[in-house]
Asks: 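Have a look at this one.
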Amino acid sequence: MDISVLIGLIGSLSSISIGVLLEGGNPAGVLHIASFIIVIPTAMLAAVTATESHHVKAAFKEFKMIFKKLPINFETRIDELIEYAIVVKKQGVLALEKDVQGLNHKFLKEALSMVVDGAKEEQIEESLEPVIDATEEYYNGAAHYWLHAGETSPTIGLVGAVFGLIGALQQLDNPPAMAAGIAGAFTATVMGIGGSYLFLGAWGAKLKGKGAVVIKEQQLILAAVKGMARGDAPGELKLKLEKLITPMPL
């Protein structure tokens, strides 16, 4: 579980609730079923219209990724890649064949297989860069769906509020019903803004960020296998790989 997601969701909901209670209100008053139905499903369906169908499918397929901690550690991956580079330098590329067969990481397996097959640096780059580009498009497209739903949610909240006010004004002869209608109308606005910044949009930003980590790992692997194909010394290659993950100070 990605603890940052839990902290963000629980913390933000708690802080709002505490603030409402201090103002003498009731946070549960925002839980308005009609407003929820008007805002959230509508925003999500509008995002379907704005997103390619295969990206919509990817958005829901990768939804669990938002809440899971990525099993990616750049330092550990670099150490692993350098171990492979040492084997290549000392025993030759064919010595990697047995290790490659046992790999579960598809991109790493394909990359090292090309090294075992004796592919040149240019061939490796031509083969794997399109894979990285496709991965980037995949995650950006999946994130786009949630981000678009988040962008749409506040506007749909305003639409729901207008409809609610129209209904309330039709109850002029019944003040209690009119008051309830106005209160319900404003919950749609709250639902739209909260749905955007606490949930839908936040999920999209998180997924986009995690997709960038996956892409960075692929770029790291590509740089490593290109170095192996060039015959770089393991020590020199490690320095190059570390530079790829080290932020440049201002």
Asks: Answer yes or no: are there more than 12 heavy-atom neighbours, outside Phe74 itself, under 6.0 Å from its atom CZ?
Replies: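 Yes, the 6.0 Å shell around CZ holds more than 12 heavy atoms from other groups.
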Asks: Got a sec: does the OH of Tyr197 have more than 12 other heavy atoms crowding it under 6.0 Å?
Replies: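 Check fails, neighbour count at 12 or below.
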Asks: Treat each ILVMFWY residue as a node, draw an edge where side-chain heavy atoms are under 4.5 Å apart, and state whether Ile193 and Ile182 are in one component.
Replies: no
Asks: Do Leu165 and Ile37 share a hydrophobic cluster (ILVMFWY, side-chain heavy atoms under 4.5 Å, transitive)?
Replies: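 Per the 4.5 Å side-chain linkage, Leu165 and Ile37 are not co-clustered.
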Asks: Does anything in residues 63-77 form a side-chain hydrogen bond (donor to acceptor under 3.5 Å, both in side chains)? List the pairs, not counting sequence neighbours.
Replies: Asn73-Thr76, Arg77-Glu80, Arg77-Glu217
Asks: Test Phe107 against Leu128 for side chain to side chain contact (heavy atoms under 4.5 Å, CB included), laying out the working first.
Replies: CA-CA 8 Å; Phe107 188 85; Leu128 296 183; 4.1 Å; yes
Asks: Looking at Glu121, I'd like to know if its CD atom is crowded, meaning that more than 12 non-hydrogen atoms belonging to other residues, nucleotides or ligands lie closer than 6.0 Å.
Replies: yes
Asks: Are more than 12 heavy atoms, taken from residues, nucleotides or ligands other than Lys208, located less than 6.0 Å from that residue's NZ atom?
Replies: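 At most 12 heavy atoms, drawn from other residues, nucleotides or ligands, come within 6.0 Å of this atom.
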Asks: With a 4.0 Å cut-off, would you call Glu236 and Lys240 a salt bridge?
Replies: yes
Asks: Between Ala161 and Thr189, which heavy-atom pair has the shortest distance, and what is it?
Replies: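 That closest heavy-atom pairing would be CB-OG1, 3.3 Å.
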Asks: Lys210 side chain to Ile66 main-chain N or O, any donor-acceptor pair under 3.5 Å?
Replies: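 Present.
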Asks: Any side-chain to backbone donor/acceptor pair from Gln123 onto Lys120? Under 3.5 Å, distance only.
Replies: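 Yes.
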Asks: Do the side chains of Lys226 and Asp232 get close enough for a salt bridge, i.e. N-O under 4.0 angstrom?
Replies: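 Here Lys226 does not pair with Asp232 in a salt bridge, since their nearest N and O are not under 4.0 Å apart.
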Asks: With a 4.5 Å heavy-atom cut-off, do Met65 and Val214 have their side chains touching?
Replies: yes
Asks: Look up atom CD1 in Ile3 and atom CE in Met1, then write down how far apart they are to the nearest 0.5 Å.
Replies: 8.0 Å
Asks: Would you indicate whether the side-chain heavy atoms of Met191 and Ile156 approach each other to under 4.5 Å?
Replies: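 SC-SC contact between Ile156 and Met191 ruled out.
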Asks: Would you mind reporting whether Thr135 and Tyr139 have side-chain heavy atoms less than 4.5 Å apart?
Replies: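 Of all side-chain heavy-atom pairs linking Thr135 with Tyr139, at least one is under 4.5 Å.
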Asks: Roughly how far, to the nearest 0.5 Å, is CG of Leu207 from CZ of Phe67?
Replies: 10.5 Å
Asks: Test side chain to side chain contact (heavy atoms under 4.5 Å, CB included) on Glu129 and Leu222; report intermediate values, then the result.
Replies: CA-CA 8 Å; Glu129 277 198 343; Leu222 174 59; 3.7 Å; yes
Asks: Taking Glu52's backbone N and O only, do any of them form a donor-acceptor pair with Tyr145's side chain (distance below 3.5 Å, no angle check)?
Replies: no
Asks: Scan side-chain atoms only and decide if Ser153 and Ser196 contain a donor-acceptor pair under the 3.5 Å cut-off.
Replies: no
Asks: To the nearest 0.5 Å, tell me how far Ile78 CD1 sits from Leu244 CG.
Replies: 7.5 Å
Asks: Do you know the tightest heavy-atom contact between Gly204 and Ala143?
Replies: O-CB, 3.5 Å
Asks: Under the criterion side chain to side chain contact (heavy atoms under 4.5 Å, CB included), I'd like the reasoning laid out for Leu241 against Ile82: C-alpha separation, chi angles, the key distance, then a yes or no.
Replies: CA-CA 9 Å; Leu241 297 181; Ile82 296 306; 4.1 Å; yes
Asks: Test your reading of the model: is there a side-chain donor-acceptor pair from Lys238 to the backbone of Asp79, 3.5 Å cut-off?
Replies: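 Side chain of Lys238 to backbone of Asp79, a donor-acceptor pair under 3.5 Å: no, none is there.
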Asks: Would a 4.5 Å heavy-atom cut-off, applied to side chains only, mark Gln171 and Pro176 as touching?
Replies: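 No, every pair of side-chain atoms sits at 4.5 Å or beyond.
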Asks: Do Leu13 and Phe36 belong to the same hydrophobic cluster, where Ile, Leu, Val, Met, Phe, Trp and Tyr are linked whenever their side-chain heavy atoms lie under 4.5 Å apart, directly or via other members?
Replies: yes
Asks: Would Phe60 and Trp146 count as a ring-ring contact (aromatic ring centres under 6.0 Å, His included) here? Give the steps.
Replies: CA-CA 9 Å; Phe60 285 94; Trp146 296 110; 5.3 Å; yes
Asks: Kindly indicate, with the supporting measurements, whether the criterion side chain to side chain contact (heavy atoms under 4.5 Å, CB included) is fulfilled by Val159 and Ile38.
Replies: CA-CA 9 Å; Val159 172; Ile38 290 171; 5.7 Å; no
Asks: What distance separates His54 NE2 from Tyr138 OH, expressed to the nearest 0.5 Å?
Replies: 10.0 Å
Asks: Between Asp2 (side chain only) and Ser4 (backbone N and O only), is there a donor and an acceptor less than 3.5 Å apart?
Replies: yes
Asks: Give a yes or no on whether Ile33 atom CD1 has more than 12 heavy-atom contacts from other residues, nucleotides or ligands under 6.0 Å away.
Replies: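 Count not over threshold, so no.
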Asks: When clusters are formed by joining ILVMFWY residues with side-chain heavy atoms under 4.5 Å apart, either directly or through shared neighbours, do Leu81 and Val213 land in the same one?
Replies: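 Yes; tracing contacts between hydrophobic side chains, which count when under 4.5 Å, links both residues.
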Asks: Give me the ring orientation class for Phe199 and Trp203: parallel if the planes are under 30° apart, tilted from 30 to 60°, perpendicular past 60°.
Replies: perpendicular
Asks: What are the two closest heavy atoms between Val39 and Ala188, and how far apart are they?
Replies: CG2-O, 3.7 Å
Asks: Any side-chain heavy atom of Leu112 within less than 4.5 Å of one from Asp99?
Replies: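 No, side chains not in contact.
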Asks: Count the heavy atoms belonging to other residues, nucleotides or ligands that lie under 6.0 Å from CZ of Phe163, then report whether that count exceeds 12.
Replies: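 No - once you tally the heavy atoms of other residues, nucleotides and ligands closer than 6.0 Å, there are 12 at most.
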Asks: Any side-chain to backbone donor/acceptor pair from Thr51 onto Val48? Under 3.5 Å, distance only.
Replies: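 It does not hold such a pair.
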Asks: Which heavy-atom pair separates Leu9 from Leu198 by the least distance, and what is that distance?
Replies: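 Scanning both residues completely, I find the closest heavy atoms to be CD2-O, 3.1 Å.
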Asks: Minimum heavy-atom separation for Ser127 to Glu110, with atom names?
Replies: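 Distance-wise, the nearest heavy atoms are OG-OE2, 4.0 Å.
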Asks: To the nearest 0.5 Å, what is the distance between CG (Asp173) and CE (Met178)?
Replies: 10.5 Å
Asks: Examine distances only and state if a side-chain atom of Ser113 and a backbone atom of Lys109 form a donor-acceptor pair shorter than 3.5 Å.
Replies: yes
Asks: Under 4.5 Å between side-chain heavy atoms, counting indirect links through other Ile/Leu/Val/Met/Phe/Trp/Tyr residues: same cluster for Ile86 and Leu239 or not?
Replies: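 Per the 4.5 Å side-chain linkage, Ile86 and Leu239 are not co-clustered.
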Asks: What are the two closest heavy atoms between Ala229 and Ala119, and how far apart are they?
Replies: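 Scanning both residues completely, I find the closest heavy atoms to be CB-O, 3.8 Å.
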Asks: How long is the span from the CD1 atom in Ile40 to the CG atom in Leu200, to the nearest 0.5 Å?
Replies: 5.0 Å
